[in-house]
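Written below as structure tokens is the structure these notes are about.
Each chain gets a letter, A, B and so on, in the order its sequence line appears, and its residues count up from 1.
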Amino acid sequence: MPLRRIGYPCVSLLINRTTNHETILRTGAPEKLRGLIAQNLADLRAILEHNLAHDWRLFRIGSSVIPFGSHPVNTIKWWQEFKDELRSAGKFARANDMRLSLHPGQYTVLNSPDAAIVSRAIAELTYSARFLDELGMDSSNKIVIHLGGTYGDKPAAMRRFCETVNTLPDDLRHRIVIENDERSYSPADALAVSKQTNLPVVFDNLHYTANPGEGQLEDLLKQIFATWKKRDGHPKVHFSSQAQGRKLGSHADQAEPAEFKKWVKRWGAFDEFDLMLEAKHKDKALLQIIPSTKKENL
DNA sequence: GGAAGTCAAGTCTCG
DNA sequence: CGAGACTTGACTTCC
């Protein structure tokens, strides 16, 4: 079963554009933020056009595309001010069978025992979902998050995650997918949470290597692919290679070809799927691993 | 004018 | 129990 779409996160090194122009809180006045949003949306458009030329139809938008998007310092009604740019970018993506995503950072923790932290996490997810909504993208365009901390009691932390997710509005919940991480939550843990919440699971090969957890790989993959229902679109995976000589879990500059082929074959045994390449060299790494625009060459 | 330090947020590890 | 890592461009301060 073929690899359907491929892509990379946030930044194109080939055309030197990024959807993550940002600033620091002290200088986050409305005029400054407005300029950064305009820059991010212009770069998003340029990146999507560049990606189309290479047949790259998956892209992760930087979570600072609207800087301080969930912080009170940002009072801009960006969905009104940038309505034309947002709609046009979304229309371009849909017309070209592109799939977009967002991935809030390490500070977005839904299972914290601290209610204020949970509330800020929900605000970040709400903003992220709104961004995809304003582009006009359907619920197969996802927000990827990790499960959070363990706080010395992982079962309780997983229960808190599920309880919080199940209180979210349907529209928001249908945007969220969970990813196995390199330290705390293995694919089996993510599957257990998926059973309680119906959230699809993104499988990350490097995190799996660092933190395999329980279960046999082929069986885990089969179950994980099955968490993607019709409204979620095709299963999605993250691929990266280990950076040699660096900490376990650090992304390498490029994808290691033999390893890439091995995983693509493994995933392809179950279903058509989309693959996000998480290499430090971004789209340069994509060009290297798949020199032709034809994925069929794999 | 270039180098070094700082920046919203959280969690975990190390010393 | 407090500092640093995680990750990274933009900005400020230091020299």
Side-chain angles (χ1 to χ4, degrees), chain A residues 8-13 15-44 47 60-76 102-128 143-158 160-161 164 178-186 189-190 204 206-207 210-211 213 238 240 242-243 245-253 276-285:
Chain A
Y8 60 97
C10 307
V11 179
S12 166
L13 295 183
I15 61 168
N16 193 29
R17 300 271 199 156
T18 171
T19 55
N20 249 345
H21 297 285
E22 57 192 345
T23 187
I24 57 175
L25 192 56
R26 278 206 315 285
T27 57
E31 268 322 301
K32 176 76 186 180
L33 295 176
R34 207 167 263 128
L36 291 168
I37 296 168
Q39 221 178 337
N40 283 330
L41 294 179
D43 280 11
L44 172 61
I47 286 173
R60 179 191 304 161
I61 299 165
S63 50
S64 300
V65 64
I66 308 295
F68 296 114
S70 66
H71 190 284
V73 76
N74 189 334
T75 55
I76 296 171
L102 284 154
H103 193 353
Q106 61 195 316
Y107 303 111
T108 300
V109 184
L110 267 187
N111 74 342
S112 173
D114 182 336
I117 292 169
V118 176
S119 152
R120 284 193 286 269
I122 293 172
E124 181 71 10
L125 293 172
T126 303
Y127 137 69
S128 304
I143 304 165
V144 182
I145 56 171
H146 291 288
L147 293 168
T150 55
Y151 315 91
D153 185 349
K154 196 153 91 167
M158 287 166 75
R160 276 200 307 278
F161 183 94
T164 300
I178 50 180
E179 181 185 351
N180 61 304
D181 69 62
E182 66 201 59
R183 188 160 56 185
S184 304
Y185 293 100
S186 67
D189 295 329
D204 182 302
L206 189 60
H207 295 162
N211 177 25
H238 290 173
S240 59
Q242 170 67 39
R246 296 198 51 223
K247 222 188 78 166
L248 193 61
S250 300
H251 292 156
D253 293 345
M276 180 77 70
L277 177 65
E278 295 185 320
K280 287 210 287 185
H281 286 184
K282 310 288 182 185
D283 52 343
K284 276 165 72 179

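A distance-only check finds no donor-acceptor pair linking the side chain of A/Ser112 to the backbone of A/Val109 [under 3.5 Å]. The main-chain N or O of A/Met276 is never found under 3.5 Å from a side-chain atom of A/His238 such that the two would form a donor-acceptor pair. One N or O on the side chain of A/Asn40 and one on the backbone of A/Val65 form a donor-acceptor pair closer than 3.5 Å. The main-chain N or O of A/Val73 is found under 3.5 Å from a side-chain atom of A/His71 such that the two form a donor-acceptor pair.
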Each base of DNA chain C marked ( ) or [ ] if paired in-strand (Watson-Crick or G-U under 3.5 Å), | if paired to another strand and . if unpaired gives ||||||..|||||||
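Across the C1' atoms, C/dG4 and B/dG5 are found 15 Å apart, a figure rounded to whole Å. Atom C1' of B/dT6 sits at a distance of 16 Å from the matching atom of C/dA3, rounded to the whole Å. Straight-line distance between the C1' atoms of B/dA3 and C/dC6: roughly 23 Å, to the nearest whole Å. Rounded to whole Å, the C1' atom of B/dA8 lies 15 Å from the corresponding atom of C/dC11. When the P atom is used for both B/dT11 and C/dG9, the distance is 25 Å, rounded to whole Å.
Across the protein-nucleic acid pair, A/Arg26 atom CZ and B/dA8 atom C1' stand 12 Å apart, rounded to whole Å. Atom CD1 in A/Ile24 sits about 16 Å away from atom P in B/dG5, given to the nearest Å.
Between the side chains of A/Ser240 and A/Glu278, not a single donor N or O lies within less than 3.5 Å of an accepting N or O. Donor-acceptor pairing under 3.5 Å is lacking for the side chains of A/Thr19 and A/Asp43.
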Run the side-chain hydrogen bond (donor to acceptor under 3.5 Å, both in side chains) check on A/Ser186 and A/Asn180 step by step: do they pass?
CA-CA 5 Å; A/Ser186 67; A/Asn180 61 304; over 6 Å; no
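Aromatic pair A/His251/A/His281: ring centres not closer than 6.0 Å.
In the 5' to 3' direction, nucleotides of DNA chain C lying under 4.0 Å from heavy atoms of chain A begin and end at C/dC6 to C/dT12.
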Assign a letter to each nucleotide of nucleotides 10-15 of chain B from its 5' end: B, base within under 4.0 Å of a protein heavy atom; S, sugar-phosphate only; -, no contact.
BSS---
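A/Leu147 is not listed as a side-chain neighbour of A/Ser184, based on a closest heavy-atom distance of 4.5 Å or more.
Around CG of A/Asn16, the count of heavy atoms belonging to other residues, nucleotides or ligands within 6.0 Å does not exceed 12.
The cationic group of A/Lys154 lies under 6.0 Å from the six-membered ring centre of A/Tyr185 and within 45° of the ring axis, placing it in a cation-pi geometry.
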